[in-house]
Structures are given as C-alpha cells and as structure tokens.
Amino acid sequence: MLSLPTTTASPSTPLHVLHSTDPPHKLLQSHPSLALLSNCRSPQTLRQIHSQIVKTGLHNSQFALSKLIEFCAVSPFGDLPYALLLFESIKHPNLLIWNTVIRGHSLSDSPSLAIQLFVRMVSTGIVPNCYTFPFVLKSCARSGLANEGRQIHAHVLKLGLGSDAFVHTSLISVYAQNSDLESARLVFDKSSHRDAVSFTALITGYASKGLMDDAERLFDEMPTRDLISWNAMIAGFSQSGKYYEAVETFRKMQRIGISPNESTLVSVLSACAQSGRIDLGSWIHSWVDDKGMDSNLRILNALVDMYSKNGNLEKARFLFNSIQHKDVISWNVMIGGYNCMNYHREALELFRRMLKSPVMPNDITFLNVLPSCACLCALDLGKWIHSYIDKNLKNITSTALWTSLIDMYAKCGDIVAAEQVFHGLELKSLASWNAIISGSAMHGRAEKALQLFREMLNEGFRPDDITFVGVLSACSHAGLVELGRENFSLMVNEFKISPKLHHYGCMINLLGRVGLFDEVESMIKSMDMEPDEAIWGSLLEACRTHRRVQLGETVAKNLFKLELNNPGAYILLSNIYAEAGRWDDVAMIRRKLNDEGMKKVPGCTSIEVNGVVHEFLVADKAHPQSERIYKMLAEIDHLLDKSGYEPDTSEVLSHELSFNLSFFLVARIGNDKAALSKLLVEEISEDGIGVANL
DNA sequence: GTAGGGTTAG
C-alpha cells in the first residue's frame with residue numbers, strides 16, 4: 001500500500017530531483033511518472049503513478065506535488081479527497097497549490113468547501129491573486145452564497161483586481177447566477193473592456209430570470225458574437241418556453257455561417273421536443289449523423305427525448321437501445337417518454353431494467369416512475385421506491401418527490417401510508433396538501449378532506465384550482481350539497497379562481513345525484529365553456545337514478561354529439577327506457593348498437609403481485625394461471641352469494657374487483673381453503689366487499 | 001505551470 005508523501009527526502013532520492021535550480025519543464029521532461037498523468041484514466045493507475053513518484057523521491061519537490069494535486073483535483077479521472085489528503089500533508093503550500101485545491105472544490109458537488117479553503121488560505125497570510133478569485137466566485141455562484149459573493153467582491157476591490165478580465169467576468173457571473181441582476185449590471189457597466197465573455201455572463205443572468213427582452217437587447221449590442229453567446233440565447237429562449245424564438249435564433253445563427261456544437265443542438269432539440277417540432281428535430285438528427293456526432297451521449301439523450309415526447313416511441317427506443325454507455329438522463333427520458341404516452345407497463349419494465357444496470361436512479365427517475373405505480377396499482381414497487389428514497393435520497397429538498405409518493409399511496413389504496421408520508425413532511429407544499437386532500441376524497445373520506453382543507457387555510461396556504469377539485473370531489477362523493485355550494489362560492493368569490501370544467505363536473509355530479517336538476521340547468525347555463533363527455537355522462541347517470549326520462553334524452557343527445565361511438569352512453573339510455581317500461585325504445589337502441597357495430601371496450605384491470613404487474617381483460621384466458629383464477633372466482637362468487645352480497649349488475653366494476661381479489665388470493669395463499677375463507681370473511685365483514693386495501 | 005460566459009430529464 002501507499003504511504004502518504006513525507007517532506008523529508010528518502011535515502012533513495014535521486015540527486016537531480018533536489019536541484020531546485022532545474023526549471024520545471026525540465027523536471028517534467030525528466031520524469032516520466034509526471035508525464036504519465038496525462039494518460040491516467042483510472043484510480044488504480046493514479047495510485048501506481050503516485051507510488052512511482054514516492055519511490056523516486058519526486059514528492060519532495062513542490063512542483064511535482066502540485067502537478068499530482070492538480071490532476072487529482074481537476075481531472076475527471078482524478079480523486080478530490082485524495083488531492084486534499086496530499087494537500088494537507090504539505091507544511092507550507094504555495095499560492096498555486098492553494099489555487100489548485102480551491103479550483104478542484106469549486107467544480108465538485110460541494111463547492112462551498114472551496115470558500116472554506118479560501119478563508120483558511122487568507123487567514124494563514126497568503127494573499128490571493130487574479131487566479132484565485134474566479135475559482136472562489138464560481139463556488140459562490142454554484143452554492144448560491146450571495147452574501148459571501150459580495151464580501152469577496154469587496155476583497156477583490158481592496159486588492160485592486162477588479163479590472164482583471166477574468167475576475168471581472170466572474171463577478172458578473174456570481175451576481176447573475178444569484179439573481180442579483182442589478183449588481184451584475186452595475187459591475188458590467190462600470191468596466192470599459194467588455195468582451196463577448198462578460199456580455200454572455202450578463203445575458204445568461206437575464207435569461208435565467210426569463211427576461212429575454214433584456215437579454216436580446218444586450219445580444220444586439222455585442223460587437224462580436226461567438227458561438228457561446230449564440231448558445232446562451234438559444235438556451236435562454238428554450239428554457240423560458242419561447243421555443244419558436246429558440247428555433248429562429250438557431251436558424252439565424254446557421255444563416256450567418258456559425259456551425260452549431262453539442263450545446264447548441266441539445267438546446268434546440270429540447271425546444272423541438274417541447275414544441276412538437278419533429279420536422280426540425282429529425283432534420284437535426286440526420287445532420288448529426290452526417291457530422292459523425294451520432295455517438296454523442298447528450299445529443300442522443302436529447303433525440304430520445306424529442307422523439308418520445310412527440311409520440312414516436314419506436315424511434316426513441318431504437319436510439320435508446322443504441323446508446324452504449326447510458327447515463328441516468330438516458331434512462332429518465334425513455335421512462336418519461338413511456339409515461340407521457342400512458343405506457344405505464346413499459347415504463348415500469350424499463351425501470352426494472354434500469355435497476356439491473358450500473359446506473360443509479362435519481363429523484364427525477366422516481367418522479368417519472370411513481371405515476372405509473374399509481375396507475376397500475378403497483379404498491380409493492382411504490383413501497384420499494386419509498387424505502388429507497390429514505391435510504392439514499394434523504395437530502396432531496398424538493399417536496400415534489402414526497403408529493404408523488406403521497407399520490408401513489410392514495411391511488412394504490414393505502415391512504416394510511418399516504419397520510420404518514422404527508423404528516424412526516426417537514427415543509428409542506430401546496431402540492432402536498434392538494435395530494436392528501438384529493439387522496440382523502442378519493443377514499444370517500446369527505447370529512448377528513450374538508451378538515452385538511454381547513455388546516456391548510458389555517459397554516460396560511462392559498463388554495464389553487466387543483467385544491468378545489470379535491471375539495472369539491474370530496475363533497476360530491478359524500479353528497480354534501482350545502483358544503484359543495486359553500487366551497488364553490490369560496491373558490492370563486494374569495495379566492496378569485498375561475499371554475500374550470502373539473503369544478504363544474506364535481507358540482508353537476510353532486511347536484512344531479514341528489515336530483516337538483518333545476519340548479520344543474522342554471523349552472524350549465526352560467527358556464528362560459530361547453531360541458532364535456534364526463535359532465536353529460538354523470539348527468540345521464542343521475543337521470544337514470546331519478547328516472548328523468550325526458551331530461552335523459554336531452555342529455556344523451558348532447559353526449560352523442562361529443563362521443564358518437566360510446567356504447568356505454570347508449571346502454572345507459574336504454575336502461576333509462578327500460579326502467580320506464582319503454583321497450584320499443586330499448587329495442588331501437590339495441591338495433592342501433594348492432595347496426596353501427598358498436599362494441600363495448602372490454603373492461604381491463606391489473607394487479608401487482610410479487611413485483612410483477614398482471615393485466616386482465618374481461619373473460620381473458622391468457623394468464624398462465626387462468627384456470628386456477630377462474631376456479632377461485634367461482635368459489636368467491638359462491639361465498640359472496642352465501643354472505644348475502646348482491647352485485648350491482650349495471651357496473652362491471654364489481655366483477656373486476658372480485659377477479660382481482662381472486663387472483664390475489666391464488667397468488668398469495670395458494671389453495672389453502674381455510675385461509676381463503678378466513679380472509680374472505682374478514683374482507684367482507686370489514687366494509688362490504690373491501691378489496692381496495694389489497 | 002492555474003483562470004471567466006453556453007448544454008438535455010423535472
């Protein structure tokens with residue numbers, strides 16, 4: 001093993017190393033071990049080179065040590081903790097070595113350590129120079145330390161280094177990146193020598209705040225625009241949602257003969273992805289192929305994202321598969337691509353493949369995967385993700401991930417776990433309140449949802465339109481007419497939120513269910529938008545419940561205008577006729593359904609058992625265990641009959657639920673009849689047919 | 001012997 005270098009020369013130290021009069025370049029030439037560093041690609045090689053240096057006594061020269069530290073601190077194949085260890089072994093490091101370790105930390109995951117080192121350096125009496133400040137200021141920018149940035153600015157002025165071009169740009173950059181545009185502008189204006197770099201630093205500041213008009217004005221003022229300043233404009237437009245401008249700027253840049261590089265293309269492709277410009281995106285793809293840039297990871301990731309966001313999943317997957325060394329973003333964009341097309345099964349499958357790869361998932365991976373868990377009721381996987389986050393991503397400050405977990409638990413039927421996550425949050429966000437309120441509403445806990453809503457208001461949160469969807473759907477589920485009206489008016493009058501279709505939907509569902517059809521009518525008249533299929537559908541259901549044949553016909557007519565081929569709506573109407581004894585009309589609808597060849601979309605359900613998601617269609621026999629499942633299903637039907645349960649045959653749901661239940665039982669307890677009947681009795685006695693908690 | 005501005009997933 002290696003020992004740390006010492007400052008005393010070993011007996012084997014070759015004499016020529018000690019000739020301090022040797023110029024450094026000569027030392028470099030005469031020592032192949034230092035030259036080896038430039039080809040070092042692994043920690044093993046690094047250790048070998050170091051031991052070589054120690055063996056030859058080269059570590060006794062500060063020059064050799066500083067070269068080694070530089071490599072460890074800055075190279076992507078280096079090792080920053082190792083650099084620090086070497087650094088700490090030096091009694092009196094010179095300014096260059098200080099600068100090197102500060103630079104190394106300014107690039108690391110914890111740039112604030114660079115500032116601590118800077119303070120230490122100054123306190124030992126070493127005066128920083130114009131190389132020190134760009135590193136330190138970059139650290140302030142990257143760690144968001146605005147006050148430290150200001151203090152260091154004062155230090156710069158005291159030392160008279162404010163006119164150094166590098167220090168100057170770093171000052172603009174630190175203010176710009178800390179959103180202090182006024183100070184950034186002041187520093188920029190005060191200087192006489194403005195080059196493309198300082199212009200771009202300020203432009204980036206404006207762009208990051210979405211102030212693209214100011215950015216553009218500066219860009220126009222620039223005496224010479226280089227590639228990076230064009231890139232800054234394109235990225236700025238793209239990141240502030242001005243995709244058209246991003247694309248146009250890219251075109252203009254090409255017209256004047258500036259060739260794009262990786263950064264340009266990544267930004268333009270992102271703009272294409274988000275604005276549906278698959279034409280330009282594909283053109284860039286072929287351009288990239290021509291230029292031999294088709295193995296560039298970032299460009300490939302951006303292409304996968306562009307294709308998948310625009311529905312071309314095949315092409316996206318083909319490119320994704322072609323990537324040799326995928327990084328976390330490659331996986332995230334592909335999983336996200338499946339998700340935004342509602343291909344949840346595929347998303348989860350890919351996620352499981354990712355877990356077998358060497359790439360570690362991050363918070364964004366989970367933000368992409370959790371909605372799929374929610375959609376497929378993949379509770380086991382959701383729970384696994386939860387514990388993974390607890391173990392490995394504790395430092396995640398964003399509440400989005402926790403909100404996503406709350407949503408997943410609620411949608412997978414585990415409202416208790418959803419509440420546990422919610423109450424465990426140190427900092428609750430509006431979104432997390434929204435998730436727990438809708439979750440409670442979803443589970444029929446209207447009182448709980450409304451109580452949470454009151455707590456949220458008491459804690460000073462301002463509800464948004466999504467909050468009220470949760471609140472109103474809670475009222476709607478529980479038939480709380482008065483509270484529904486109150487909250488609707490609270491939303492409109494107190495919080496000045498104009499109702500959207502969802503809100504009207506909740507109210508119309510609520511009013512319709514209790515038969516307040518006059519109020520429904522005046523609400524529909526008051527809407528400044530057309531009711532959608534869901535609204536007419538829920539109203540048609542209300543007409544059936546309250547046997548309002550005539551109104552039902554009107555509602556159905558409106559529904560058919562929007563959904564020509566929804567057999568469910570025709571069946572609902574035929575049920576209304578049947579209950580009114582209008583058998584001719586029933587027959588007429590049946591004929592129509594036959595003539596038009598309308599078929600009901602088969603009911604589909606899924607369940608996750610031991611980490612595998614199983615999907616079933618009604619009457620589907622494709623599952624390998626389907627014989628056992630149907631046997632169990634018959635048994636459950638029998639037991640349900642015996643317990644006096646009468647299924648509502650107008651709903652397919654109950655069948656699906658018992659189907660799921662039976663599969664669950666087959667998979668979990670096999671053929672143990674005693675256990676089965678015990679479980680069933682518990683399930684049935686608990687809350688009717690309580691399968692939601694599976 | 002070191003250095004400043006632009007880069008995709010959410």
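Chain identifiers are assigned alphabetically (A, B, ...) following the order of the sequence lines, protein sequences preceding nucleic acid strands; residue numbering begins at 1 within each chain. Predicted, not measured: the structure shown is a model, and the values here were computed from it.
Of the candidates dG4(B), dG6(B), dG10(B), the closest approach to any side-chain atom of Ser170(A) belongs to dG4(B). Side-chain atoms of Ser270(A) lie closest to dT8(B) of the nucleotides dT8(B), dG6(B), dG4(B). Comparing dG6(B), dG5(B), dT2(B) by their nearest atom to the side chain of Tyr131(A) picks out dT2(B). Taking the side chain of Val328(A) as heavy atoms from C-beta on, and the options dT2(B), dT8(B), dA9(B), the nearest nucleotide is dA9(B). The side chain of Val266(A) lies closest to dT8(B) when the candidates are dA3(B), dT8(B), dG10(B). Minimum atom distance to the side chain of Thr204(A) is reached by dG6(B), of the listed dG6(B), dG4(B), dA3(B). Across dG4(B), dG5(B), dA9(B), the shortest atom-to-atom separation from the side chain of Ser229(A) is found for dG5(B).
Using bins of under 30°, 30° to 60° and over 60° for the plane-to-plane angle, the ring pair Tyr338(A)/Tyr343(A) lands in the parallel bin.
The closest side-chain heavy-atom distance from Ile284(A) to Phe250(A) is below 4.5 Å.
The closest side-chain donor-acceptor pair between Arg298(A) and Asn301(A), if any, does not fall under 3.5 angstrom.
For Lys309(A) and dG10(B), the NZ to P distance is 4 Å, given to the nearest whole Å. Note: CG (Asn301(A)) to C1' (dG10(B)) measures 14 Å, nearest angstrom. A straight line from CG of Asn129(A) to P of dT2(B) spans 12 Å, rounded to a whole angstrom. Whole-Å rounding puts the Leu137(A) CG to dA3(B) C1' distance at 11 Å. Leu319(A) has its CG atom 14 Å from the C1' atom of dT8(B), to the nearest Å. Note: OH (Tyr307(A)) to C1' (dA9(B)) measures 18 Å, nearest angstrom. Here dG4(B) presents its C1' atom at 14 Å from CG of Leu202(A), a figure rounded to the nearest Å. Nucleotide dT7(B) holds its P atom 20 Å from the CG atom of Leu300(A), rounded to whole Å.
The side chain to side chain donor-acceptor pair (under 3.5 Å) pairs that include a residue from residues 232-252 of chain A are Tyr243(A)-Gln274(A), where partners are two or more places apart or lie in different chains.
Considering only side-chain N and O atoms, Lys326(A) lies nowhere under 4.0 angstrom from the phosphate OP1 or OP2 of dT8(B). Of the side-chain N and O atoms in Gln274(A), one or more sit less than 4.0 angstrom from OP1 or OP2 of dA9(B). Considering only side-chain N and O atoms, Gln239(A) lies nowhere under 4.0 angstrom from the phosphate OP1 or OP2 of dG6(B). The side chain of Lys138(A) contributes an N or O atom lying less than 4.0 Å from OP1 or OP2 of dG5(B).
Base engagement by Ala196(A) is indicated by at least one non-hydrogen atom pair under 4.0 Å involving a base atom. In this structure, Asp305(A) reaches the sugar-phosphate backbone alone: every heavy-atom distance under 4.0 Å involves primed, P, OP1 or OP2 atoms, never a base. Using a 4.0 Å heavy-atom criterion, one finds that Arg103(A) contacts the sugar-phosphate atoms exclusively. Residue Ser173(A) is in sugar-phosphate contact alone, with no base atom involved, counting any heavy-atom pair closer than 4.0 Å across all strands shown. No contact: Asn296(A) has no heavy atom under 4.0 Å from any strand.
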- [ ] Apply side chain to side chain donor-acceptor pair (under 3.5 Å) to Asn362(A) and Asn332(A), showing your working.
- [x] CA-CA 9 Å; Asn362(A) 64 9; Asn332(A) 287 352; 3.2 Å; yes
- [ ] For the pair Asp213(A) and Arg217(A), evaluate salt bridge (charged side-chain N to carboxylate O under 4.0 Å, His left out) and give the outcome as yes or no after the intermediate values.
- [x] CA-CA 6 Å; Asp213(A) 288 346; Arg217(A) 215 166 297 136; 5.4 Å; no
Open item on the list: Run Asn434(A) and Asp464(A) through side chain to side chain donor-acceptor pair (under 3.5 Å) and show every step you take.
Closed with: CA-CA 9 Å; Asn434(A) 288 350; Asp464(A) 65 359; 3.2 Å; yes
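In the interface, the side chain of Asp363(A) is not paired with the base of dG10(B) through any donor and acceptor atom under 3.5 Å apart. Side-chain atoms of Asn332(A) and base atoms of dG10(B) include no donor and acceptor less than 3.5 Å apart. Side-chain atoms of Asn99(A) stay outside donor-acceptor range of the base of dA3(B), with no qualifying N/O pair under 3.5 Å. Counting atom types as modelled, Glu262(A) pairs a side-chain N or O with a base atom of dT7(B) as donor and acceptor under 3.5 Å.
Judged by centroid separation below 5.5 Å and plane tilt below 30°, Phe166(A) stacks onto the base of dA3(B).
Near DNA chain B, meaning a heavy atom under 4.0 Å from it, residues 205-228 of chain A has Asp226(A), Ile228(A) in order of number.
Annotation: Asn321(A), atom CG; neighbour count of heavy atoms from other residues, nucleotides and ligands within 6.0 Å is above 12. Other residues, nucleotides and ligands contribute over 12 non-hydrogen atoms within 6.0 Å of the CD1 atom of Ile256(A).
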